[in-house]
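I have placed the structure first, in the form of structure tokens, so that the comments after it can refer back to it.
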2 protein chains.
Amino acid sequence: MLSINPSTVSRALSDHPDIKPETKEKVKSAALEFNYQPNLHAKYFRQKSSGLVAVILPEFNMFFIPELMDGINSVVEASGRSIIIFFSNNSLEKEKEIINHCLCWVVDGVLISLTENTKNIDHIKILKDADIPVVLLDKVLYQNDFPTFTIDDHEAANNATSYLIKKHKTKILGVFGNPNLEITKKRREGFLYALDENNINHDENNVIHITDGKGEALEERIKECDFDSIFTMSDELLLICYSSLLKLNLYPNLMSIVAISDGKLPYSLYPNVTHVKHSGFMSGKLAAESLIQLLLKKSTENAMVIKTELVILNSVT
Amino acid sequence: MLSINPSTVSRALSDHPDIKPETKEKVKSAALEFNYQPNLHAKYFRQKSSGLVAVILPEFNMFFIPELMDGINSVVEASGRSIIIFFSNNSLEKEKEIINHCLCWVVDGVLISLTENTKNIDHIKILKDADIPVVLLDKVLYQNDFPTFTIDDHEAANNATSYLIKKHKTKILGVFGNPNLEITKKRREGFLYALDENNINHDENNVIHITDGKGEALEERIKECDFDSIFTMSDELLLICYSSLLKLNLYPNLMSIVAISDGKLPYSLYPNVTHVKHSGFMSGKLAAESLIQLLLKKSTENAMVIKTELVILNSVT
DNA sequence: ATCGTTTGCACAAACGTTTGCTGTTGGTAA
DNA sequence: TTACCAACAGCAAACGTTTGTGCAAACGAT
């Protein structure tokens with residue numbers, strides 16, 4: 001149209017110094033006028049990259065993931081890339097498939113939260129071989145081959161539990177999720193550590209794992225044993241505990257609650273729940289930032305611990 | 001490697017009838033052995049498509065979106081495509097940018113839930129011009145240029161409210177979100193319609209709009225006026241109402257609640273909340289299915305109404 | 001033995017960009 | 001004048017796949 005070579009157009013649009021301002025102006029205004037949209041497949045194909053960051057999640061739970069995605073998105077978008085999202089449905093097979101698919105897409109980088117069935121990360125190494133940076137977050141394994149973003153689960157659980165103890169609670173039930181997850185193990189250790197440190201007797205009744213999303217087992221346990229408080233490792237479980245305690249007419253008067261939480265739900269429950277805040281937004285943001293650093297070939301720390309803080313509200317009497 | 005022409009390899013891998021089984025076998029096993037991953041940028045570049053379905057969301061709320069994404073994902077994945085996800089953060093400008101970006105990606109189709117500031121859909125028409133199918137869902141406008149998936153908001157609100165009335169509630173507070181949203185208007189109309197139909201007097205005090213995510217205004221209103229029940233148009237608002245009523249010590253004994261809900265939260269609250277179920281999963285699934293039909297050049301209905309049902313639990317006395 | 005048809009594969013073009021290289025012009029210094 | 005350099009833009013190759021076309025070999029029917 002302008003009798004200008006495609007190469008010149010390309011350089012004009014990307015502000016290459018070889019092109020004089022006048023030509024750039026002509027090209028840019030024509031591009032605007034005719035609403036020129038560069039074909040990204042052609043671009044990334046030629047460039048052997050993709051402008052895509054893959055986010056692989058085991059599931060789409062309602063508490064942590066939305067905030068996490070928000071954090072990831074803020075960073076990825078600012079880097080001029082887009083998010084291609086996959087769900088492994090907690091299936092290791094699917095996880096492997098997805099990772100292969102990431103290769104096909106020549107993604108710039110991968111943010112992954114592992115399946116509860118993922119016991120080692122060999123299948124992720126093919127990404128490393130392909131020189132695609134990977135950052136693990138939330139549900140991770142600590143094998144130190146990849147940067148890993150989590151909170152100090154042990155400490156968070158310890159802090160929350162210790163607060164209960166400080167408030168003279170001694171008969172504490174720890175409520176946990178899937179016992180196979182690294183995250184569960186660490187938090188359970190932190191919980192038990194707090195009990196031990198304070199010389200509080202405990203047995204297997206002090207710990208319960210809820211994997212069906214229902215409160216029945218919990219209510220059974222509470223009726224059987226004599227607790228004065230609950231520590232719960234996540235928002236999902238917090239909601240279950242909360243409604244169970246209301247049903248049994250124990251909260252807030254007869255039992256206290258603390259949780260590890262993203263920090264939203266505690267304010268929606270009454271009385272507001274004291275919790276150790278684990279911000280999903282910050283987790284996503286920091287992990288994504290680390291990934292961007294990596295793919296710019298800058299190095300980052302290998303294991304980042306996201307700091308948590310105890311937020312004291314009104315759920316402990 | 002096998003001294004076989006790329007074209008033959010391509011056809012072999014896609015089971016083209018021109019290629020004899022023996023050759024196919026050779027190619028496929030070699031592909032497997034050397035872990036061949038086709039470059040999707042090259043493929044989609046050549047094919048002038050993309051294997052991508054864009055999902056554009058105004059925000060990532062914790063109640064509806066996770067289920068919605070799950071539904072969308074199930075369909076998109078089954079169609080062999082991937083999801084590229086964008087957030088407009090409720091900004092119309094951003095929404096426009098994203099839509100342009102979809103053109104650059106030559107996406108196969110677009111699923112979009114509109115910004116609360118989107119008053120018309122002209123900016124979406126450029127997708128239509130580019131022959132990219134679009135399906136609106138959840139937060140929509142009814143301009144009939146695009147297939148649109150929602151529930152019958154009027155009916156859902158009417159049903160829920162009528163149930164309260166049937167249970168002899170007459171002093172009902174309707175709790176709504178952003179008054180500019182089409183979804184809010186329709187549900188408010190349905191709510192008021194139920195009151196009118198049953199000859200229940202009402203004024204502006206019977207309706208409240210909560211847009212700050214907090215319960216203070218609600219609690220004020222409740223203290224000022226004399227209500228016996230609440231209708232709430234969404235899960236987010238339900239949670240706010242719930243904790244406010246608990247704080248005021250009104251639920252479950254002195255006030256009843258009904259909601260329009262995705263159907264998870266009502267079971268997490270105690271007593272379980274009677275609600276009109278609006279499944280996010282089904283919404284996502286049906287909208288995505290419609291989109292896939294469209295991009296296969298099969299036609300679909302233009303406006304689909306997702307059916308809802310009243311789930312009677314224990315929140316109305 | 002001849003012709004026509006089918007089978008199976010190779011050849012080459014094309015998709016829209018980017019980028020290394022080449023070439024032209026005009027200016028400046030020797 | 002010659003030589004050199006800078007500024008600017010065109011040329012052409014390349015990225016990995018798909019797909020229309022061409023062609024040889026194999027086959028079947030006469």
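Given the structure is predicted, the values throughout are model-derived calculations rather than measurements. Every chain is numbered from 1 and lettered A, B, ... according to where its sequence line falls, protein lines coming before strand lines.
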Identify, with sequence neighbours excluded, every residue that meets side-chain contact (heavy atoms from CB on, under 4.5 Å) alongside [X].
{"X": "A:Asp131", "answer": "A:Lys297"}
{"X": "B:Ser14", "answer": "none"}
{"X": "A:Ser279", "answer": "A:Lys277, A:Phe281, A:Met282"}

Sequence neighbours excluded - ring-ring contact (aromatic ring centres under 6.0 Å, His included) pairs with any residue from residues 65-98 of chain A: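 Every ring-ring contact (aromatic ring centres under 6.0 Å, His included) pair that includes a residue of residues 65-98 of chain A, provided the two are not neighbours, is A:Phe60-A:Phe87, A:Phe86-A:His101.
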All pairs passing ring-ring contact (aromatic ring centres under 6.0 Å, His included) where residues 20-39 of chain A contributes a residue, at least two apart: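 The answer is none; no pair qualifies.
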Of all pairs that satisfy side chain to side chain donor-acceptor pair (under 3.5 Å), the ones with a partner from residues 78-95 of chain B, not counting sequence neighbours: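 Pairs touching residues 78-95 of chain B that pass the test: A:Glu77-B:Lys94, B:Ser79-B:Arg81, B:Arg81-B:Asp108, B:Ser88-B:Thr115, B:Glu95-B:Thr115, B:Glu95-B:Thr118, B:Glu95-B:His123.
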Inter- and intrachain pairs under side chain to side chain donor-acceptor pair (under 3.5 Å), touching residues 59-69 of chain A, at least two apart: none
For A:Asp262, all residues meeting side-chain hydrogen bond (donor to acceptor under 3.5 Å, both in side chains), sequence neighbours excluded: none
Value in whole Å for how far the C1' atom of D:dG16 lies from NZ of A:Lys43: 19 Å
Value in whole Å for how far the C1' atom of C:dT19 lies from NE2 of A:His16: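 So the two atoms are 8 Å apart, to the nearest Å.
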Base-contact (B) and sugar-phosphate-only (S) positions in nucleotides 4-11 of chain D, heavy-atom cut-off under 4.0 Å, - elsewhere: ----BBBB
Any pair counted as salt bridge (Lys or Arg N to Asp or Glu O under 4.0 Å), so long as it reaches residues 28-38 of chain B, sequence neighbours left out: B:Asp15-B:Lys28
Within residues 31-38 of chain A: residues closer than 4.0 Å to DNA chain C (heavy atoms): A:Tyr36, A:Gln37, A:Pro38
Between the protein and nucleotides 13-15 of chain C, list every N/O to N/O distance that falls short of 3.5 Å.
{"residue": "C:dA14", "atom": "N3", "partner": "B:Arg46", "partner atom": "NH1", "Å": "3.2"}
{"residue": "C:dC15", "atom": "O3'", "partner": "B:Lys48", "partner atom": "NZ", "Å": "2.7"}

Candidates A:Ile99, A:Ile124, A:Thr148 - the one meeting side-chain contact (heavy atoms from CB on, under 4.5 Å) with A:Val134: A:Ile124
